Amino acid sequence: MADVAQYFRDNDLFAQHCGIELLEAAGGSSKARMVIQKHHLNGIGTVHGGVIFTLADYAFASACNSHGTVAVAINCSISYVKPSSTGVLTATARETSLGGRIGTYAIDITDENGCLIAIFQGMAYRKKETMDDLIKMKAQH
């Protein structure tokens, strides 16, 4: 089976652009982190909601693909609990259900002190292709 975590580290160019680091991904869970930089801040000096969503979405994608089956988001929502403007944010994803073609995931985004910054929920559709199929197809192009 493909090393899904390494695949995402190498191929998610937007996460790379944002400075997001994937720490782990396996068995329906994952963890990603991002050091807050000035370009992550919005007009009022706090981390932009889209940046927080991107961090959570990357952890979600890594978790739901970690079983080796290609999975894509079909629904996501986020609740912003507390603002942040400096330090490190970590997104920790866990699988809450997996049945047939649908998986659901909860992702907590916390700061370096463990304070909850946001709560993300995602639902993924598991396709017929495997991550190995995706890697082979990418290598052919």
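Please read all numbers here as calculations on a predicted model, not as lab measurements.
- Scanning both residues, Q16 and R9, for their nearest heavy atoms gives NE2-O, 2.8 Å.
- One distance of note links CD of Q121 with OG of S79; it measures 7.0 Å at 0.5 Å rounding.
- Listed here is the closest heavy atom pair of L41 and G45: CD2-O, 3.9 Å.
- Put simply, L55 and L23 are part of two different groups of oily side chains (I, L, V, M, F, W, Y) that touch within less than 4.5 Å, one to the next.
- The ring-ring contact (aromatic ring centres under 6.0 Å, His included) test applied to Y105 returns F60, not counting sequence neighbours.
- You'll find the side chain of I107 stays beyond 4.5 Å of the side chain of T92, heavy atoms only.
- Every residue two or more places apart in sequence or in another chain was checked for a ring-ring contact (aromatic ring centres under 6.0 Å, His included) with F8, and none qualifies.
- Here the shortest heavy-atom pairing between A56 and F120 reads CB-CD1, 3.5 Å.
- Atom CD of E129 sits about 10.0 Å away from atom OG1 of T69, to the nearest 0.5 Å.
- The nearest pair of heavy atoms linking I117 to T110 is CG1-C, 4.0 Å.
- Remark: the backbone N or O of K31 is not paired with any side-chain donor or acceptor of E24 at under 3.5 angstrom.
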Fill in: CA sep, side-chain torsions, deciding dist, call: D111, I36, side-chain contact (heavy atoms from CB on, under 4.5 Å)
CA-CA 10 Å; D111 65 15; I36 298 169; over 6 Å; no
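- M137 and Y7 fall within the same hydrophobic cluster, defined by Ile, Leu, Val, Met, Phe, Trp and Tyr side-chain heavy atoms under 4.5 Å apart, directly or through other members.
- The only member of D132, N65, D133, T130 that meets side-chain contact (heavy atoms from CB on, under 4.5 Å) when paired with V70 is N65.
- Applying the side-chain hydrogen bond (donor to acceptor under 3.5 Å, both in side chains) test to residues at least two apart or on different chains, none of the pairs has a partner in residues 51-64.
- Taking the side chain as every heavy atom from C-beta outward, V51 and M34 approach each other to under 4.5 Å.
- The salt bridge (Lys or Arg N to Asp or Glu O under 4.0 Å) test applied to R33 returns E21, not counting sequence neighbours.
- Atoms CD1 and CG, from I109 and L116 in turn, are 7.5 Å apart once rounded to the nearest 0.5 Å.
- The side chain to side chain donor-acceptor pair (under 3.5 Å) test applied to T46 returns N42, not counting sequence neighbours.
- Within a 6.0 Å radius of NE2 in H39, other residues, nucleotides and ligands contribute more than 12 heavy atoms.
- Residues H40 and C18 approach most closely at NE2-O, 2.9 Å, considering heavy atoms.
- In terms of heavy atoms, A32 sits closest to A59 at CB-CB, 4.4 Å.
- Rounding to the nearest 0.5 Å places CZ of R101 at 6.0 Å from NZ of K128.
- Under the side chain to side chain contact (heavy atoms under 4.5 Å, CB included) criterion, T104 pairs with T96, S97, M123, not counting sequence neighbours.
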